[in-house]
Amino acid sequence: MFHAQILTLFPEFFNSPLSCSIPKRAIEASLARVDCIQIRDFSTDKHRTVDDKPYGGGPGMLMKPEPVVAAIRQARKRDPQTHVVMLTPSGIRFGQSKALEYVEKAHITLLCGRYEGFDERICDEVDEQLSLGDYVLSGGEPAALSVLDAVIRLLPGVLGSADSAVLDSFTEEGILDWPHYTRPEVFEGKRVPSVLLSGNHEKIEAWRREQAIIRSKLWCKNHQ
Ligand code: SAM
């Protein structure tokens with residue numbers, strides 16, 4: 001079974017997203033297990049402090065090393081196979097290939113930051129630093145949730161149709177999905193491409209491939 005541990009100051013953030021749709025089904029079917037660990041529980045002072053001012057001055061607070069490192073060590077103790085991932089804008093960029101890698105690993109721990117981020121010494125305790133993209137979120141939780149969702153839907157047996165994940169964007173040869181249409185045949189004057197109504201499966205497949213390549217080329221151009 002795929003096992004994710006989430007180290008966070010806001011475990012409640014995950015309640016609703018994990019209790020609907022695909023993640024819910026995966027958890028109910030025992031294909032995935034997600035445990036949230038409250039970092040604050042590893043603080044040792046009476047105020048349960050997890051943050052402090054940065055040395056050298058500057059705005060905001062940082063996550064202190066003691067409770068975060070203790071939480072990471074606890075996650076490793078609970079699951080010795082776990083691969084610990086720190087969510088941070090300066091990490092390597094998350095993508096579909098990384099999601100597939102985590103499916104293979106099957107044991108991951110996602111460390112969510114808050115405030116201005118982590119004391120740098122915490123980095124020595126993690127296996128990898130991961131970014132969702134070149135923008136700054138207010139916390140690691142939305143990033144962890146995106147990673148989790150992308151991984152869970154790839155787990156064998158999670159999606160209804162065996163093909164749906166294989167045909168997703170970025171999966172087959174790294175190209176994007178083709179355009180999809182459903183009923184009605186005409187919506188506000190816009191027609192479904194006639195080839196899709198032709199019943200000719202060879203032509204349909206060729207059209208889809210051509211459209212996927214056109215989209216992918218455009219995507220590459222927009223991402224240069
Ligand atoms: N001061 C940090 C910086 O400029 O890189 C930003 C800290 S951010 C407000 C707080 C936390 O949100 C980070 O420690 C990290 O866990 C998470 N976070 C923010 N943006 C992220 C991103 N693009 N990818 C992954 N995690 C992110």
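Order of appearance sets the numbers: ligands from 1, and atoms from 1 within every ligand.
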Between Arg215 and Asp177 (salt bridge meaning N to carboxylate O under 4.0 Å), is one present in this structure? no
Electrostatic pair Lys98-Glu101, nearest N-O below 4.0 angstrom: yes
Say whether Thr49 and Ser43, considering side chains only, have a donor N or O and an acceptor N or O under 3.5 Å apart. no
Classify the side-chain pair Thr8/Glu141 by whether it contains a donor and acceptor separated by less than 3.5 Å. yes
Any nitrogen or oxygen of Tyr135 lying under 3.5 Å from a nitrogen or oxygen in ligand 1? Just yes or no. yes
Measure from atom 14 (O) of ligand 1 to every heavy atom in Gly58, Gly117, Gly140, Pro142 and give the option owning the shortest one. Gly117
Protein contact to [atom] [nearest heavy atom, distance to 0.1 Å]:
| atom | result |
| --- | --- |
| atom 24 (N) of ligand 1 | Leu132 N, 2.9 Å |
| atom 5 (O) of ligand 1 | Pro89 CG, 3.4 Å |
| atom 4 (O) of ligand 1 | Val136 CG2, 4.4 Å |
| atom 16 (O) of ligand 1 | Leu87 O, 2.6 Å |
| atom 8 (S) of ligand 1 | Leu137 O, 3.2 Å |
| atom 2 (C) of ligand 1 | Glu116 O, 3.5 Å |

Below 4.5 Å, heavy atoms only, C-beta onward: do [X] and [Y] meet side chain to side chain?
| X | Y | result |
| --- | --- | --- |
| Ile122 | Ile72 | yes |
| Asp134 | Arg93 | yes |
| Glu125 | Arg73 | yes |

Contact atoms of ligand 1, heavy-atom distance to [X] under 4.0 Å:
| X | value |
| --- | --- |
| Gly133 | 23 (N) |
| Ala143 | 25 (C), 26 (N) |
| Gly113 | 11 (C), 12 (O), 14 (O), 16 (O) |
| Ser131 | 23 (N), 24 (N), 25 (C) |
| Leu130 | 25 (C) |
| Tyr115 | 7 (C), 8 (S), 9 (C), 10 (C) |

Going by the angle between their ring planes, with limits at 30° and 60°, are Trp219 and His223 parallel, tilted or perpendicular? parallel
Look at the aromatic rings of Tyr181 and Trp207 and report parallel, tilted or perpendicular, splitting at 30° and 60°. tilted
